[in-house]
Amino acid sequence: MNGDDFDPSGLTALVVDENHYERGISLDQLRSMGFRRVIGAANTAEGWEALRKSNPNIVLVEWFHGNGGDGLDFVRRVRNGDAPNRAVSMFMLTARGTQADVEVARLAGVDGYLRKPISALALQQRVQRVIAHPQPFVVTASYVGPCRRRRRPDLNYLGPRRRLDDASEQNLTPDETEADLKAQLARARVAALEVHARDLTAGDSTAARHVFKAAQDLIEVAEQIGDANLAFGAREMTRYLQAQGATLRLDPEVVRTHVAALHQLAHLPHALGDERQAVAQGLKRMVDKKLRQLASDAA
């Protein structure tokens, strides 16, 4: 498909951006590209409703924080939730542009990252590329989204490293190999914790014990590999579980929210030290708040 053949006249696009002016610009650009229908949403709640009703072919979402929601959380909700099409093409719109920001967005599951201000030509080129040549969609315990490898994989190759340009195992340095193994080990423990938390219900003592044991296993592994933030976050989960016990006070959604944050910690690069620490401290604040509520109810 070349530029002249690109015809989105049968497609629908959704723009989620809290800035009315910039949202309008994006909508106008999509109309000029020929999209049959374009929909604007001022916050993530409106965006989710539009997503469920219209099932768009492409979504542009601003990386915003505040009362209107969170753009990254919206992407994660689409990829991991009950959206009509979790594989819908999604672009992150933002004025942020550090490599760390790009990596966080990619880990959330976006197809592309667009820096503002965006020219109509640049937007068309990126949208056209994704629609004409979509990446395979990946669903694993650690990642849901478009395949992040830019070369088509050899589907007949069953080895552990699938990129054609990957360094061979013998060319990896000991530090690279060790770091990769540590990351895999931490993610495996988080995945095990996710499995136990998925079916947790209030008052189910057996399930609560399984979750507690999985959290302890994660703490042990995090300490072994020297991941202080992951260990801290997992300890906060055990603190909440111990305080609530296997009783009706135990809120499974709090546990699952906690697990989702641990999942994020296990996949955020260690170079993003400030962001990883912020996630861990956020878990502590959540547990403190829940335990204060418990003490207040008991008083």
Do NZ/NE/NH1/NH2 and the carboxylate oxygens of Lys284 and Asp288 come within less than 4.0 Å?
yes
Same cluster (ILVMFWY, side-chain, under 4.5 Å), Ile118 and Ile25
no
Nearest 0.5 angstrom please: Leu265 CG to Glu275 CD, how far?
9.5 Å
Interatomic distance, CE@Met237 vs CG@Leu262, rounded to 0.5 Å, equals 5.5 Å
When rounded to the nearest 0.5 angstrom, what distance separates OG in Ser89 from CZ in Arg126?
11.5 Å
Short side-chain to backbone donor-acceptor contact, Arg79 and Arg86, under 3.5 Å:
yes
For Leu60 and Asp17, what are the C-alpha separation, side-chain angles and deciding distance, and is it a side chain to side chain contact (heavy atoms under 4.5 Å, CB included)?
CA-CA 8 Å; Leu60 278 61; Asp17 192 332; over 6 Å; no
Taking all heavy atoms of His196 and all of Ala214, pick out the closest pair and write down the distance.
CD2-CB, 3.8 Å
Under the side chain to side chain contact (heavy atoms under 4.5 Å, CB included) rule, what do Leu241 and Val255 come out as? Steps first, then yes or no, please.
CA-CA 8 Å; Leu241 291 169; Val255 173; 4.1 Å; yes
Val15-Phe35 co-clustered via ILVMFWY side chain contacts under 4.5 Å
yes
The reported gap from CG in Leu200 to OG1 in Thr206 (rounded to nearest 0.5 angstrom) is 11.0 Å
Taking C-beta and beyond as the side chain, do Arg239 and Leu291 meet within less than 4.5 Å on heavy atoms?
yes
Under the salt bridge (Lys or Arg N to Asp or Glu O under 4.0 Å) rule, what do Lys213 and Asp217 come out as? Steps first, then yes or no, please.
CA-CA 6 Å; Lys213 177 61 166 59; Asp217 291 342; 2.9 Å; yes
Rounded to the nearest 0.5 Å, the CG atom of Leu250 sits from the CD atom of Gln244 at a distance of 6.5 Å
pair Gln264-Arg76: side-chain heavy atoms closer than 4.5 Å:
yes
Determine whether Val59 and Val78 make a side-chain contact, defined as any pair of heavy atoms from C-beta on separated by less than 4.5 Å.
no
Counting N and O atoms only, with roles assigned by atom type, does the side chain of Arg256 sit under 3.5 Å from a partner on the main chain of Arg198, one being a donor and the other an acceptor?
yes
Apply salt bridge (Lys or Arg N to Asp or Glu O under 4.0 Å) to Arg235 and Glu223, showing your working.
CA-CA 11 Å; Arg235 284 196 198 92; Glu223 290 177 340; 2.3 Å; yes
Do you reckon Trp48 sits in the same ILVMFWY cluster as Met90, going by side-chain contacts under 4.5 Å, direct or chained?
yes
Measure across Leu93 and Glu62 and return the closest heavy-atom pair with its distance rounded to 0.1 Å.
O-OE1, 2.8 Å
Looking at every heavy atom in both Tyr143 and Gly109, which two are closest together, and how far apart are they?
OH-CA, 3.9 Å
Value for NE2 (His210) from OG (Ser205), rounded to nearest 0.5 Å, stands at 9.5 Å
Applying the 4.5 Å side-chain criterion to the ILVMFWY set and letting contacts propagate, would Met33 and Ile131 be lumped into a single cluster?
yes
Side-chain heavy-atom pair Lys289, Met286 within 4.5 angstrom cut-off
no
Hey, are the side chains of Gln281 and Arg285 touching, using non-hydrogen atoms and a 4.5 Å cut-off?
yes
The test is side chain to side chain contact (heavy atoms under 4.5 Å, CB included); show your working for Val61 and Met92 and say whether it passes.
CA-CA 5 Å; Val61 56; Met92 183 66 73; 4.3 Å; yes
Please report the closest heavy-atom contact between Phe91 and Tyr113, naming both atoms and the distance.
CD2-N, 4.4 Å
For the hydrophobic clusters of this structure (ILVMFWY residues joined by side-chain heavy atoms under 4.5 Å, transitively), does one cluster hold both Phe74 and Val104?
yes
Heavy-atom distance under 4.5 Å between the side chains of His258 and Tyr240, does that happen here?
no
Validation row: Val279, Asn229 side chains within 4.5 angstrom (heavy atoms)
no
Could you go through Val110 and Trp63, starting from their C-alpha distance and side-chain angles, then the distance that decides it, and tell me whether this counts as side chain to side chain contact (heavy atoms under 4.5 Å, CB included)?
CA-CA 11 Å; Val110 299; Trp63 188 336; over 6 Å; no
Considering non-hydrogen atoms only, spot the tightest contact between Val190 and Ala266 and give its length.
CG2-CB, 3.8 Å
Show the nearest heavy-atom pair for residues Ala215 and Leu193, with the distance to one decimal.
N-CD1, 3.9 Å
Counting distance only, does the side-chain N/O of Asn57 pair as donor-acceptor with the main-chain N or O of Thr12 below 3.5 Å?
yes
Could you tell me whether the side chain of Gln293 reaches within less than 4.5 Å of the side chain of Asp251, counting heavy atoms only?
no
